[in-house]
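Ligands are counted one by one from 1 in listed order, and the atoms in each one are counted from 1 as well. One is the number of the first residue; the rest follow in order along the sequence.
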Amino acid sequence: MQNFDYYNPTKIVFGQNRLNELDNLIPQNAKVLVLFGGGSVKRFGTLAKIKSSLGKREVLEFGGIEPNPQFETLLKAVELVRAEKVDFLLAVGGGSVMDGTKFVALAAKQASEHEKILFNGFEPVPVSEALPLGCIVTLPATGSEMNTFGVITYNKQKYPFTTPLVFPKFSVLDPDLTLTLPKEQIANGIADAFIHVIEQYLTQVENAKVQDRFSEGLLKTLIEDGPVTYADNDNIEARKNFMWSATSALNGLIGAGVMQDWSTHMIGHEMTAMFGIAHGRTLAIILPSLLRERKAHKKDKLLQFAERVWDISEGSDEEKINGAIDKTETFFNSLGIVTKLSHYNIGDEEINTLVANMKKMGLTHLSETGDLTLDIVHKILMSAK
Ligand code: NZQ
Ligand code: ZN
């Protein structure tokens, strides 16, 4: 295990019927901007409940943050925050709204050049202040509610940013708020959370037993309770486990002190930028092909994954590894996720453009060891056709 610092100040308020506690979570004298997406929170009454629990505070609204949040849309929120001297941001939605709100929290403290927030990759944004923010999660998937990351679409490309300044002060995780999700969004969330764990776990053996076993527990929980949540809106216990798995998958705990391989995410972001395919679905297309291509590189960890996560005890090492990758792909398919590019009419020409765009973005040396070059990305995509 490598040296690490671990810090996570986000207070989690987990469980049913907890929205009324918002009153205790936000300063009494705060002027609050509630940010949300395309309208689901209005349609399903969540916004009304939130406003009533905010009591006498002055509350403004900003709706219309789109999936894969757009820079231009968020700038309008920044203008509103600056003009109205808002002092607390409340994100109500999925990853897009939470990420968008994090961006607004940073940008509102800058008079100009807001795009510079996006050009630091995974280095912390070089600024010193942000507005405080809280989250109410309506889609378990990204883990944004308990981490320092955001991903914003600018100039038709997805740009990640990170800084501890945007750790939410609190996040409310009420499984009832997710009951209105279409099944496909539940499936996307399961795939996204599963692959967040995989990208911190399925690297090289480092004898990080706690991180490995937490990761294996999360993967097993997603395999067990993901499909139940997908199939059955009445099973609230399964939904609670799914929800907490998604948050725990990307809150820094399992990634502390271990190598990480975000290749699937980096390729997936480009697929979303080019073709508009939902984030979780892009990952599920890429991961099986990536693991097959990188079998030798990840052999020891793949074997551990086969034995401990998929409980494969029979056969040669090669058979166990193949079995685990096949089971992973079948798991995504069982959630209605197609894992082939042809389903989206993506062929040779589109793959070449995608690889060229990754080059432009400087994404040329991916993986935990930096040796996943663009010719390998090309191979992975060709075998996902
Ligand atoms: O906009 P509304 O009308 O609310 O509809 C949304 C949206 O269309 C809908 N939805 C959300 N909650 C609902 C609901 N519909 C009915 N009932 C509810 N309770 O779901 C749709 C998708 O929402 P979105 O927020 O885009 O999905 P998700 O949570 O998957 O977030 C994806 C975004 O997060 C980024 C992705 O790149 C993408 O932009 N990521 C953020 C990460 C992070 N901050 O750590 C890490 C991830 O890997 C990811 O990259
Ligand atoms: Zn993700």
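Counting only N and O atoms by type, the side chains of Thr73 and Glu66 include a donor and acceptor under 3.5 Å apart. Of the N and O atoms on the side chains of Tyr201 and Glu216, at least one donor lies less than 3.5 Å from an acceptor on the other residue.
Apart from Val151 itself, the hydrophobic cluster it occupies contains nothing, where clustering links Ile, Leu, Val, Met, Phe, Trp and Tyr at side-chain heavy-atom distances under 4.5 Å. Summarising the hydrophobic clusters (Ile, Leu, Val, Met, Phe, Trp, Tyr; side-chain heavy atoms under 4.5 Å, direct or chained), the residues clustered with Val92 are Val13, Leu19, Leu22, Leu25, Ile26, Val32, Val34, Phe36, Val41, Leu47, Ile50, Leu54, Val59, Phe88, Leu90, Ile136, Phe170, Val172, Leu177.
Looking from atom 24 (P) of ligand 1 to the surrounding protein, the closest heavy atom is Ser96 OG, 3.4 Å. Protein heavy atom at the shortest distance from atom 7 (C) of ligand 1 is Pro67 CG, 4.0 Å. Of the protein's non-hydrogen atoms, His279 NE2, 3.4 Å is the one closest to atom 49 (C) of ligand 1.
Of the polar atoms of Gly38, at least one N or O is found under 3.5 Å from an N or O of ligand 1, judged by distance alone. Considering backbone and side-chain N/O atoms, His196 comes within less than 3.5 Å of an N/O atom of ligand 1. Taking any N or O of Gly39, backbone or side chain, at least one lies under 3.5 Å from an N or O belonging to ligand 1. Not one N or O of Lys102 is nearer than 3.5 Å to an N or O of ligand 1, by distance alone. Taking only nitrogen or oxygen atoms, main chain and side chain alike, Thr138 reaches within less than 3.5 Å of ligand 1. Checking only distances, Pro182 never comes within under 3.5 Å of ligand 1, N or O to N or O. Among the atoms of Ala141, none of the N or O lies under 3.5 angstrom from an N or O of ligand 1. By the 3.5 Å distance cut-off applied to N or O atoms, Leu250 is not counted among the residues near ligand 1.
When the heavy atoms of Ser40, Gly37, Ala91 are ranked by distance to atom 4 (O) of ligand 1, first place goes to Ser40. The closest heavy-atom contact to atom 44 (N) of ligand 1, among the options Leu179, Asp99, Val166, comes from Asp99. When the heavy-atom distances from atom 20 (O) of ligand 1 to Leu139, Leu283, Thr148 are ranked, the shortest goes to Leu139.
Phe194 and Phe331 have tilted rings, their planes meeting at an angle from 30° to 60° on a 0 to 90° scale. Taking the six-membered ring where the residue is Trp, His196 and His279 present tilted rings, their angle falling between 30° and 60°.
For the side chain to side chain donor-acceptor pair (under 3.5 Å) test, residues two or more places apart in sequence or in another chain that qualify with Lys320 are Glu307.
Here the side chains of His265 and Glu199 are in contact, with some heavy-atom distance below 4.5 Å. Taking the side chain as every heavy atom from C-beta outward, Asp371 and His297 approach each other to under 4.5 Å.
When all heavy atoms of Arg239 and Asp232 are compared, the pair lying nearest together is NH2-O, 4.4 Å. Residues Val197 and Ala249 come closest through the heavy atom pair CG2-CB, 3.6 Å. Scanning all heavy atoms of the two residues, the minimum distance from Lys220 to Arg308 falls at CE-O, 2.9 Å.
Residue Lys158 has at least one heavy-atom neighbour below 4.0 Å for each of these atoms of ligand 1: 36 (C), 37 (O), 38 (C), 39 (O). Set against the non-hydrogen atoms of Pro69, the atoms of ligand 1 under 4.0 Å away are 39 (O). Near Thr180, with a cut-off below 4.0 Å to any heavy atom, the atoms of ligand 1 are 16 (C), 17 (N), 18 (C), 19 (N).
Proximity of atom 42 (C) of ligand 1 to the protein is indicated by at least one non-hydrogen atom lying closer than 4.0 angstrom. At a distance under 4.0 Å, no protein heavy atom can be found next to atom 9 (C) of ligand 1.
Salt bridge absent: Lys158 and Glu270 never bring a charged side-chain N and a carboxylate O closer than 4.0 Å.
The shortest heavy-atom distance from Phe44 to ligand 1 is under 4.0 Å.
Each protein N, O or S atom less than 2.8 Å from the Zn ion (ligand 2) was counted, giving 4.
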